[in-house]
There are 2 protein chains.
Amino acid sequence: MTENDRPLRADAARNRARVLRVAYETFAEEGAGVPIDEIARRAGVGAGTIYRHFPTKEALFQAIVADRLRQVVERARDQAATDPGEGLYAFLFHLAEQGATDLGLTEAFAGSGFDLATSLPEAEREFTTLMADMLARGQRAGTVRPDVDVDDVKTLIVGLQAMRRFRGEQAERLYPLIRAGLTPR
Amino acid sequence: MTENDRPLRADAARNRARVLRVAYETFAEEGAGVPIDEIARRAGVGAGTIYRHFPTKEALFQAIVADRLRQVVERARDQAATDPGEGLYAFLFHLAEQGATDLGLTEAFAGSGFDLATSLPEAEREFTTLMADMLARGQRAGTVRPDVDVDDVKTLIVGLQAMRRFRGEQAERLYPLIRAGLTPR
DNA sequence: TGCTAACCGGAACGAGCGTCCCGATTGTAT
DNA sequence: ATACAATCGGGACGCTCGTTCCGGTTAGCA
């Protein structure tokens, strides 16, 4: 019960929203390593203002990642409903593209100094469930090998995002190849 | 011509070798981010001693990586000579395994704050040539798709090492899958 | 309008790390 | 054995960055 229901003062609410928006962009561009002062500068506030809304830098990063994950999961749900056979592939490659423009998300998946399952267990569980679902659908539709499991898909996501992050658009050339590897012979 | 041909004093030579050996192990375990003081402590010397042999931490890291690359290339040459069809696959998966126990090497390939082609152009060229060679052999032997090029292989290496590094042995389950993707249908 | 609690910016603090410096030590040539 | 130059260890310095603190400012209510 650390909740505080009293509504924020107008300026405080404005600043909080501003910080969130700027932090979102900044983590995406620079990754989790960016200094708090840089986010404060971009948002036009003092560092103290950020710390009044988020107890640590880590907490701010988590808030952003949780939100980002929610978006990704939502999108994937639509994808899966549309085409069971393609859902998993569309999701994988979409995630890879996201990783290209969102360094923070990539780091969250890779787990560099930040364990998703520990920090955001709820979001992680939702994400895993969704993936299991899409995988099963693909396997039923015959577009995905039956011997692939959820952990394999998670591993693949890490690899795909690393390729996309470090090798740029060059990585896209490998998507068909990955798909071929996942397809039953 | 920044060379200095005068032989090192006995203690200096001993320390230099000791630092190289310890730095090798330490970068492998902890990655390029490990403090110089930690390497100095493990080697039983002062930080100043390291700086007398290597102008910067970066230079020490480069020296280690260059050596590591040389080993990898040498091993790959043997591999390629033995079995043209399997050479590329053996090399890829060997590199992935190396990445598991050698964080420094992984970082060098991924290019996180360190561009191989710029820092060690010679080693990089040799590495690239070897890869092109193995790729061509595999394609001639019919075990590798003809539409794959050297850049694709480099991208794959980044992905494989990321998988191995962040997902541990779990990554090995995907090796056959990657191979399937690379094999002509 | 005036009061006050909430909020603000940014200076200050402390920890971590790369690099430099210097008085003490030691290898080596004579 | 002696002398001197090379080398050594580790403390000092400067910088970055997360976090805290505080004197000044402002929103919201009476």
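Sequence lines set the chain letters: A, B, ... in the order given, protein chains first and strands last, and positions in each chain run from 1.
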If you round to the nearest 0.5 Å, how far is [atom2] of [Y] from [atom1] of [X]?
X: B:D67; Y: B:Q62; atom1: CG; atom2: CD; result: 13.0 Å
X: A:Q71; Y: A:D102; atom1: CD; atom2: CG; result: 9.0 Å
X: B:L160; Y: B:L92; atom1: CG; atom2: CG; result: 6.0 Å
X: B:K57; Y: B:I39; atom1: NZ; atom2: CD1; result: 7.0 Å

Those residues of residues 18-25 of chain A lying under 4.0 Å from DNA chain D by at least one heavy atom: none

Nucleotide nearest A:K57 when distance is taken to its side chain, options D:dC8, D:dG18, C:dG18: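 Nearest nucleotide to the side chain: D:dG18.
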
With [X], which residues qualify under side chain to side chain contact (heavy atoms under 4.5 Å, CB included), at least two apart?
X: A:A13; answer: A:L8
X: A:E97; answer: A:R164, A:E172, A:Y175
X: A:T183; answer: A:Y89, A:R179

Any pair counted as salt bridge (Lys or Arg N to Asp or Glu O under 4.0 Å), so long as it reaches residues 11-25 of chain B, sequence neighbours left out: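 Qualifying pairs: B:R9-B:D11.
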
Listed once per pair and sorted, the salt bridge (Lys or Arg N to Asp or Glu O under 4.0 Å) pairs that draw on residues 75-85 of chain A, sequence neighbours left out: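 Non-adjacent pairs meeting salt bridge (Lys or Arg N to Asp or Glu O under 4.0 Å): A:R77-A:E126.
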
Whole angstrom value for the distance that separates P of C:dC20 from CZ of B:F54: 15 Å

Rounded distance (Å) that lies between atom P of C:dT19 and atom CZ of B:F61: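 Computing the B:F61:CZ to C:dT19:P distance gives 14 Å.
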
Side chain to side chain donor-acceptor pair (under 3.5 Å) partners of residues 131-143 of chain B, not counting sequence neighbours, each pair once: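 Sorted pair list: B:D133-B:R137.
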
ILVMFWY network linking A:L103 to A:V65, side-chain heavy atoms under 4.5 angstrom: no

Aromatic centroids of A:F109 and A:F127 separated by under 6.0 Å: yes

Terminal axis angle for the helix from C:dT1-D:dA30 to C:dT30-D:dA1, five pairs an end, nearest 10 degrees: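 Here the helix ends are tilted 0° relative to one another.
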
side-chain N/O A:N15 vs C:dC8 OP1/OP2, d < 4.0 Å: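 A:N15 to C:dC8 OP1/OP2: side-chain N or O found under 4.0 Å.
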
Members sharing B:F166's hydrophobic cluster (side chains within less than 4.5 Å):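 Joined to B:F166, directly or through intermediates: A:V158.
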
Basic-acidic side-chain contact under 4.0 Å: B:R42, B:E38: yes

A:D149 and B:R173 ion-paired at < 4.0 Å: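 Salt bridge between A:D149 and B:R173, a charged N being under 4.0 Å from a carboxylate O: yes.
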
Produce the list of close N/O pairs, under 3.5 Å, pairing protein atoms with atoms of nucleotides 13-15 of chain C; give distances to one decimal.
none

Proximity to DNA chain C (any heavy atom under 4.0 Å), residues of residues 36-53 of chain B only: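 Nucleic-acid contacts, sorted: B:I36, B:G48, B:Y51.
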
Please list, for nucleotides 27-30 of chain D, all pairs of protein and nucleotide N/O atoms separated by less than 3.5 Å.
| residue | atom | partner | partner atom | Å |
| --- | --- | --- | --- | --- |
| D:dA27 | O4' | A:R9 | NE | 3.3 |
| D:dG28 | OP1 | A:A10 | N | 2.9 |

